[in-house]
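Below is one structure, written out as C-alpha cells; comments come after it.
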Amino acid sequence: QVQLVESGGGLVQPGGSLRLSCAASGSIFSINAMGWYRQAPGKQRDMVALATSSGSTYYYSDSVKGRFTISRDNAKNTVFLQMNSLKPEDTAVYSCNAHITTTDRAQLNAWGQGTPVTVSS
C-alpha cells in the first residue's frame with residue numbers, strides 16, 4: 001500500500017557529486033522520519049542521514065558529515081540526499097527508508113528498492 005522509489009544513483013569520479021531522490025506514494029496519511037541508508041558488499045546496512053518528522057532536525061553518520069545533505073519536500077512526499085566530495089568508500093547501494101502512518105492508521109517501516117552508487121576513477 002506504500003511505495004518508495006529512489007533515483008539518481010550512478011557512476012561518478014572521486015570528488016564528484018550526485019543527488020539522490022526518493023518519492024513515497026500510496027495510502028499515506030503522514031510520513032514521520034525519512035532517511036537514507038547504504039550497504040556496501042560484505043558490510044552491514046548503515047544509516048547515512050535521517051530527517052525527523054518536523055523536517056528541522058537532521059542526523060548524519062560521521063563518515064558523511066559535512067559532505068552529504070538531506071532535505072525533504074513534504075508537499076511531494078520526497079526526500080533528497082545531496083552527496084558532494086564523493087569518495088570510493090561511499091560506493092554502496094543507497095536505500096530510502098520512511099516511517100509512515102497509512103490511511104488506515106497502520107504504522108509502516110517502508111524501504112525503497114535501492115539505487116547503486118559507484119565512486120571510481
Side-chain angles (χ1 to χ4, degrees):
Q1 56 185 320
V2 174
Q3 302 84 40
L4 302 180
V5 179
E6 304 103 328
S7 62
L11 175 65
V12 65
Q13 293 187 351
S17 298
L18 286 174
R19 182 175 174 86
L20 307 183
S21 64
C22 171
S25 62
S27 303
I28 299 171
F29 177 78
S30 64
I31 300 179
N32 302 309
M34 300 187 77
W36 289 94
Y37 293 72
R38 68 185 182 186
Q39 186 170 24
K43 301 294 183 70
Q44 294 185 355
R45 183 167 60 189
D46 294 324
M47 189 273 289
V48 176
L50 178 68
T52 62
S53 58
S54 68
S56 62
T57 303
Y58 308 98
Y59 300 92
Y60 298 93
S61 67
D62 290 339
S63 61
V64 308
K65 195 173 300 180
R67 300 187 296 120
F68 292 9
T69 302
I70 189 171
S71 60
R72 292 176 62 165
D73 184 344
N74 291 327
K76 297 183 178 180
N77 291 330
T78 300
V79 64
F80 304 93
L81 185 68
Q82 178 66 46
M83 305 185 295
N84 299 325
S85 302
L86 283 162
K87 305 175 180 179
E89 307 91 90
D90 296 319
T91 296
V93 175
Y94 285 72
S95 299
C96 176
N97 173 256
H99 296 89
I100 294 172
T101 300
T102 66
T103 53
D104 62 355
R105 305 304 189 269
Q107 305 293 311
L108 298 179
N109 181 24
W111 290 91
Q113 79 285 355
T115 184
V117 172
T118 301
V119 184
S120 176
S121 59

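Nothing here was measured: the structure is a model prediction, and the numbers come from that model. Heavy-atom basis, side chains included; hydrogens, waters and symmetry copies ignored.
Across Asp90 and Arg67, no two heavy atoms sit closer than the pair OD2-NH1, 2.8 Å. Taking each heavy atom of Ser121 and Pro14 in turn, the nearest pair found is N-CD, 3.7 Å. Across Ala110 and Ile100, no two heavy atoms sit closer than the pair CB-CD1, 4.2 Å. A pairwise comparison of heavy atoms in Val64 and Val48 identifies CG2-O, 3.6 Å as the closest pair. Considering every non-hydrogen atom in both Ser21 and Thr78, the closest pair reads CB-CG2, 4.5 Å. Nearest approach of Gly114 to Glu6, heavy atoms of both residues: N-OE1, 2.9 Å.
Cluster membership check: Tyr60 shares its hydrophobic cluster with Trp36, using side-chain heavy-atom separations under 4.5 Å among Ile, Leu, Val, Met, Phe, Trp and Tyr. The cluster map of Ile, Leu, Val, Met, Phe, Trp and Tyr, joined by side-chain heavy atoms under 4.5 Å apart, puts Leu20 and Val93 in different clusters.
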Determine whether Asn109 and Asn97 satisfy the following criterion, side chain to side chain contact (heavy atoms under 4.5 Å, CB included), listing intermediate values before the conclusion. CA-CA 7 Å; Asn109 181 24; Asn97 173 256; 2.5 Å; yes
Taking it one step at a time, do Asp104 and Gln1 satisfy side chain to side chain contact (heavy atoms under 4.5 Å, CB included)? CA-CA 10 Å; Asp104 62 355; Gln1 56 185 320; 4.0 Å; yes
Does the pair Arg72 and Ile31 meet the rule for a side chain to side chain contact (heavy atoms under 4.5 Å, CB included), with working shown? CA-CA 11 Å; Arg72 292 176 62 165; Ile31 300 179; 3.7 Å; yes
Evaluate Ser61 against Ser63 for side-chain hydrogen bond (donor to acceptor under 3.5 Å, both in side chains), listing each step before the verdict. CA-CA 5 Å; Ser61 67; Ser63 61; 3.2 Å; yes
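Under the side-chain hydrogen bond (donor to acceptor under 3.5 Å, both in side chains) criterion, Asn84 pairs with Ser17, Gln82, not counting sequence neighbours. Gln3 pairs by the side-chain hydrogen bond (donor to acceptor under 3.5 Å, both in side chains) definition with Ser25, not counting sequence neighbours. Applying the ring-ring contact (aromatic ring centres under 6.0 Å, His included) rule to Phe80 yields no partners; only residues at least two apart in sequence or on another chain are considered.
Atom CD of Gln107 has more than 12 neighbouring heavy atoms from other residues, nucleotides or ligands inside a 6.0 Å radius.
In this structure, Thr91 and Ser120 have side chains that are not in contact, with every pair of non-hydrogen atoms separated by 4.5 Å or more. Here the side chains of Gln39 and Gln44 are not in contact, with every heavy-atom distance at 4.5 Å or above. Put simply, the side chain of Tyr59 reaches to within 4.5 Å of the side chain of Thr52, judged on heavy atoms. Between Thr118 and Val12 there is no side-chain heavy-atom pair separated by less than 4.5 Å. Contact check for Met83 versus Val117: side-chain heavy atoms found under the 4.5 Å cut-off.
Between the side chains of Thr102 and Ser27, no donor-acceptor pair of N or O atoms lies under 3.5 Å.
The backbone N or O of Ala92 lies less than 3.5 Å from no partner atom in the side chain of Arg38, so there is not a single donor-acceptor pair. With hydrogens and angles ignored, the 3.5 Å screen pairs a side-chain donor or acceptor of Thr115 with a backbone N or O of Gly9.
Taking CD from Gln113 and SG from Cys96, the interatomic distance works out to 9.5 Å, rounded to the nearest 0.5 Å. The distance from atom OG1 of Thr101 to atom CG of Asn32, rounded to the nearest 0.5 Å, is 4.5 Å. Met47 contributes atom CE, which lies 6.0 Å from atom CG of Leu50 (distance to the nearest 0.5 angstrom).
Annotation: Trp111 is in aromatic contact with Tyr37 [ring centroid separation under 6.0 Å].
By the 4.0 Å N-to-carboxylate-O rule, Asp62 lies close enough to Lys65 to be salt-bridged with it.
Between Val119 and the options Leu86, Leu11, Leu18, a side-chain contact (heavy atoms from CB on, under 4.5 Å) holds for only Leu86.
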